[in-house]
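For reference, the structure is listed below as structure tokens.
Predicted, not measured: the structure shown is a model, and the values here were computed from it.
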Amino acid sequence: MTALAQFPITQRWPARHPDRIQLYTLGTPNGRKVSVALEELGLAYEAHKVSFETNDQFTAEFLSLNPNNKIPAILDPNGPEGTPLALFESGAILIYLAEKTGKLLPEAPNARYECLQWLMWQMGGLGPMFGQLGHFHKYAADKVSDPYPRDRYLGEAKRLLGVLEQRLDGRAHIMGDAYTIADIAIFPWVQTLRESYEAGEITGLDALPNINRWLSACMARPASVRGMAQPG
């Protein structure tokens with residue numbers, strides 16, 4: 001019996017490589033954060049598609065790993081102290097992977113907390129606000145006649161982009177020269193805002209030079225190209 005056999009989720013998504021990190025994901029901004037980080041860190045993993053079309057996220061097997069029925073989630077057969085670790089919430093997973101490898105998170109305490117601050121900024125602000133704007137601007141545009149919801153999230157998306165544009169002024173990355181989990185957490189959401197939500201023009205994103213320079217650099221990284229293509 002492998003270390004992962006005790007987890008019910010492996011019954012629905014069997015591990016072909018039980019010695020690798022098992023990633024349960026989909027090609028969303030939150031899912032892509034983790035696959036990009038895994039690629040950037042050079043960690044061996046196996047990606048499993050959790051299809052929203054067939055409500056995989058509501059199955060008993062998936063809920064046994066993440067009771068919040070959201071992707072991504074991971075199973076690491078080689079977790080702390082050599083025991084398997086099940087983990088959900090993309091921000092928590094990014095911190096775990098960075099600490100596991102000693103990469104993508106500054107070691108100096110002040111810089112470490114500054115980096116985590118920007119990760120939490122994405123988790124609590126940029127991601128939820130961009131997601132709501134995408135819903136009302138693109139996916140529910142024909143369902144809501146009141147312009148208030150769209151305008152509410154449009155205004156907040158613009159404000160958050162302004163914060164990010166200012167932060168990147170004179171910096172190659174969120175933390176300066178170093179590429180970190182803060183960049184990995186944020187750039188998939190900015191790319192989704194522009195490409196999937198088709199909101200680059202209405203938010204003013206297309207006219208923000210610092211963000212566009214940084215986004216192009218993030219997207220061009222080989223690990224980003226591979227990670228953004230998961231789960232295949």
Side-chain angles (χ1 to χ4, degrees), residues 25-37 50 52 57 66 68-73 88-95 98 104-105 113-169 171 173-175 179-219 224 227-228 230:
T25 191
L26 196 60
T28 69
N30 284 333
R32 287 168 170 168
K33 293 180 202 173
V34 176
S35 54
V36 168
V50 180
F52 290 172
Q57 72 273 30
N66 183 0
N68 196 39
N69 63 265
K70 302 292 184 181
I71 60 94
F88 64 89
E89 281 297 326
S90 59
I93 296 171
L94 289 180
I95 295 170
L104 298 178
L105 185 62
Y113 286 113
E114 186 179 357
C115 181
L116 293 176
Q117 156 187 277
W118 285 100
L119 172 62
M120 298 306 160
W121 176 80
Q122 182 280 306
M123 296 291 296
L126 184 137
M129 295 300 104
F130 282 14
Q132 291 295 337
L133 174 60
H135 176 77
F136 287 106
H137 171 64
K138 183 173 181 179
Y139 302 113
D142 60 343
K143 297 179 176 65
V144 181
S145 57
D146 188 340
Y148 177 78
R150 174 185 175 277
D151 292 347
R152 160 79 173 89
Y153 295 113
L154 176 58
E156 187 63 3
K158 288 180 176 180
R159 186 190 70 81
L160 290 162
L161 286 170
V163 173
L164 182 58
E165 176 74 4
Q166 182 178 28
R167 175 64 183 183
L168 290 168
D169 189 25
R171 293 183 175 90
H173 303 293
I174 300 296
M175 291 299 296
Y179 184 72
T180 68
I181 56 173
D183 299 283
I184 293 174
I186 297 168
F187 91 76
W189 274 104
V190 178
Q191 191 266 351
T192 294
L193 182 74
R194 185 179 66 188
E195 301 297 332
S196 299
Y197 298 161
E198 300 173 355
E201 183 176 354
I202 65 166
T203 58
L205 169 60
D206 294 343
L208 298 175
N210 295 329
I211 293 179
N212 282 283
R213 165 190 51 77
W214 163 83
L215 179 60
S216 294
C218 291
M219 290 287 294
S224 296
M228 295 287 279
Q230 294 298 331

Could you tell me whether the side chain of D146 and the main chain of Y148 form a donor-acceptor pair under 3.5 Å?
yes

With a 4.5 Å heavy-atom cut-off, do R194 and L215 have their side chains touching?
yes

Exceeds 12 heavy-atom contacts within 6.0 angstrom, atom CD of Q166:
no

In terms of heavy-atom contacts, does CD of E201 have more than 12 from other residues, nucleotides or ligands at under 6.0 Å?
no

Evaluate the ring planes of Y179 and H173, with Trp represented by its six-membered ring, and classify them as parallel (under 30°), tilted (30 to 60°) or perpendicular (over 60°).
perpendicular

Flag side-chain contact, heavy atom, 4.5 Å: F52 against I71:
yes

Heavy-atom closest contact (L119 atom, G91 atom, distance):
CD2-O, 3.9 Å

Student check: side-chain heavy atoms of L104 and D183 closer than 4.5 Å:
no

For the residue pair L161 and F130, establish whether any side-chain heavy-atom pair is separated by less than 4.5 Å.
yes

In Å, rounded to the nearest 0.5 Å, how long is the span from CZ of R213 to CG of D169?
8.0 Å

Using modelled atom types and a 3.5 Å cut-off, is there a donor and acceptor pairing between side-chain atoms of N30 and backbone atoms of P72?
no

Minimum-distance pair of heavy atoms, taken over all atoms of H137 and E198:
NE2-O, 3.3 Å

Between L105 and T180, does a side-chain contact (heavy atoms from CB on, under 4.5 Å) hold up when you go through it step by step?
CA-CA 6 Å; L105 185 62; T180 68; over 6 Å; no

Donor-acceptor pair, side chain of R167 and main chain of I174, under 3.5 angstrom:
yes

Side-chain donor-acceptor pair under 3.5 Å between N210 and E165, yes or no?
yes

Can you find a pair of side-chain heavy atoms, one from R32 and one from S224, that are under 4.5 Å apart?
no

Just wondering, do F187 and M228 contact through their side chains at under 4.5 Å, heavy atoms?
yes

Would you call L94 and K33 a side-chain contact if the rule is heavy atoms closer than 4.5 Å?
yes

Rounded distance [0.5 Å steps], CD1 in I186 versus CG in L168:
8.0 Å

Could you please spell out the steps behind the side-chain contact (heavy atoms from CB on, under 4.5 Å) verdict for Q117 and E114?
CA-CA 5 Å; Q117 156 187 277; E114 186 179 357; 4.0 Å; yes

Do N69 and F88 come within less than 4.5 Å of each other through their side chains, counting heavy atoms only?
no

